[in-house]
Amino acid sequence: MSTPLLDVRNLTVGYGDHQPVLHDASFALNEGELLGLVGMNGAGKTTLMRALSGGLRPRSGEVSFRGTRMNGSSTAASVRKGIVILPEGHRVLRPLTVEENLQISAMRLSRRAVRRQIAEVQDLVYGLFPILAERRTQLAGLLSGGEQQMLSLARAIIQRPKLLLLDEPSLGLAPVVVEKIYSSLRSLQAAGISMLVVEQNSDRVASACERMIVLRDGRIAATGTPSSLQGAELHAAYFGSDGKRPPAVAAGAASC
Ligand code: ATP
């Protein structure tokens, strides 16, 4: 069997002296895969993403990327190795133009690579989001929320990731923009970029991913294809057996 792109073994993560919020998580992400990660508020999704991107040092366990142990790597080192995170919310530099935002992101790579990276990836980015090409001289702070999310994603792409970690890329966006974002994710996957996508809306990510992980109370409660995680199983993994089921997410669970 080939080595997975990302191999996570018995990962336990917490903040300060507090009890861990992520317990003993193990999973693999294969080359070219778009893996979904779902769970309720506070389940530990963002915490897992932070630990994978170098933003938070795990208490125990192992993270291997392309066969190399990553534990304790800084965010910058992770970016150089090819792991780039798109955090929740629109992360743009509001007083700078669209083009300057892209240039600054490219500078996280080595200086010599900057011009080449921008030239190489600019076509891809502007092809995915033509609106950004039209607005390249506009200040990022004047873009709409959807355009800012496209720019955030473009800033991640320009760092040439092999693995993109996306934390709720559809949060707060109009359905038409969500479609645009997910269509761009499919294009990126076709271009060879692997992804771990966190969503609270399991319906949205289920329609885009090959496999999903359900996180519940800091533990992996279920893993499988969206169709194998049938409604009742996903419901139990998501909410437990107490019967509480928020209607907004129940709609998503029902379609899996
Ligand atoms: P949401 O869907 O609401 O974003 P989540 O599944 O991403 O939730 P996390 O943000 O990972 O969940 O939070 C998991 C737990 O860790 C929560 O109980 C939260 O209060 C706690 N937590 C998150 N960030 C910190 C921090 N910086 N310091 C201490 N505790 C934190």
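Each ligand, and each atom within it, is numbered from 1 in the order the structure gives.
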Engineer: So which heavy atom in the protein is nearest atom 8 (O) of ligand 1, and how far is it from that ligand atom?
Structural biologist: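 Here the nearest protein heavy atom works out to G42 N, 2.8 Å.
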Engineer: Quick one: nearest non-hydrogen protein atom to atom 12 (O) of ligand 1, plus distance?
Structural biologist: G44 N, 3.3 Å
Engineer: Just going by heavy-atom distances, which of T47, D217, N41 is nearest to atom 3 (O) of ligand 1?
Structural biologist: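 Of the listed residues, N41 has the closest heavy atom.
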Engineer: When Ile, Leu, Val, Met, Phe, Trp and Tyr are grouped by side-chain heavy atoms lying under 4.5 Å apart, directly or through other members, which residues fall in the same group as L171?
Structural biologist: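 None; L171 is a cluster of one.
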Engineer: So which heavy atom in the protein is nearest atom 2 (O) of ligand 1, and how far is it from that ligand atom?
Structural biologist: K45 NZ, 2.8 Å
Engineer: With a 4.5 Å cut-off on side-chain heavy atoms, are L165 and L86 touching?
Structural biologist: no
Engineer: May I ask you to check whether G39 has an N/O atom sitting below 3.5 Å from an N/O atom of ligand 1?
Structural biologist: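 Looking only at distances, the answer is no, because the N/O contact criterion of under 3.5 Å is not met.
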Engineer: Can I get a per-line list of side-chain donor-acceptor pairs under 3.5 Å for residues 39-57, giving both atom names and the distance, sequence neighbours left out?
Structural biologist:
| unit_1 | atom_1 | unit_2 | atom_2 | d |
| --- | --- | --- | --- | --- |
| K45 | NZ | G39 | O | 2.9 |
| K45 | NZ | M40 | O | 3.0 |
| T46 | OG1 | D167 | OD2 | 2.8 |
| T47 | OG1 | Y15 | OH | 2.8 |
| R50 | NH1 | Y15 | OH | 2.5 |
| S53 | OG | M49 | O | 3.2 |
| S53 | OG | R50 | O | 3.2 |

Engineer: Is atom 26 (C) of ligand 1 in close reach of the protein, with a heavy atom under 4.0 Å away?
Structural biologist: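 Within 4.0 Å: yes, protein heavy atom nearby.
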Engineer: With a 4.0 Å cut-off on heavy atoms, is H18 touching ligand 1?
Structural biologist: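 For ligand 1, residue contact (heavy atoms, under 4.0 Å) with H18 is absent.
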Engineer: Kindly confirm or rule out an N or O of V21 lying under 3.5 angstrom from an N or O of ligand 1.
Structural biologist: no
Engineer: Tell me if a side-chain donor or acceptor on K180 pairs with a main-chain N or O of L128 at a distance below 3.5 Å.
Structural biologist: yes
Engineer: Counting distance only, does the side-chain N/O of E147 pair as donor-acceptor with the main-chain N or O of S144 below 3.5 Å?
Structural biologist: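 The answer is yes, because a donor-acceptor pair under 3.5 Å joins these two groups.
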Engineer: State, yes or no, whether a side-chain contact exists between T223 and L229 at a heavy-atom distance under 4.5 Å.
Structural biologist: no
Engineer: For Q19, which part has a heavy atom under 4.0 Å from ligand 1: side chain, backbone, both, or neither?
Structural biologist: neither
Engineer: Nearest to atom 30 (N) of ligand 1, what protein heavy atom do you find, and at what distance?
Structural biologist: Y15 CD1, 3.5 Å
Engineer: Are any of the heavy atoms in M49 under 4.0 Å away from ligand 1?
Structural biologist: no
Engineer: Show the atoms of ligand 1 that are less than 4.0 angstrom away from any heavy atom in E88.
Structural biologist: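 Heavy-atom distances to E88 below 4.0 Å select 4 (O).
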Engineer: To check your reading of the model: name the closest protein heavy atom to atom 10 (O) of ligand 1, its residue, and the distance in Å.
Structural biologist: T46 CB, 3.6 Å
Engineer: Taking 4.0 angstrom as the limit and counting only heavy atoms of R50, give me the atoms of ligand 1 inside it, by number and element.
Structural biologist: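 This gives 24 (N) as the contact atoms.
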Engineer: For E210 and L34, indicate whether the former's side chain and the latter's backbone hold a donor-acceptor pair under 3.5 Å.
Structural biologist: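 The answer is yes, because a donor-acceptor pair under 3.5 Å joins these two groups.
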Engineer: Counting only heavy atoms not in R136 (residues, nucleotides, ligands), do more than 12 fall under 6.0 Å from its CZ?
Structural biologist: yes
Engineer: Find all atoms of ligand 1 within a distance of less than 4.0 Å from any non-hydrogen atom belonging to E168, and give their numbers and elements.
Structural biologist: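 Checking each atom against E168, I get 2 (O).
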Engineer: Determine the sole option in D7, N10, I220 for which the side chain to side chain contact (heavy atoms under 4.5 Å, CB included) test with S26 is passed.
Structural biologist: N10
Engineer: Should you measure from each heavy atom of M40, which atoms of ligand 1 turn up under 4.0 Å away?
Structural biologist: 6 (O)
Engineer: Between the side chain of Q189 and the main-chain N/O of M195, is any donor-acceptor distance below 3.5 Å?
Structural biologist: no
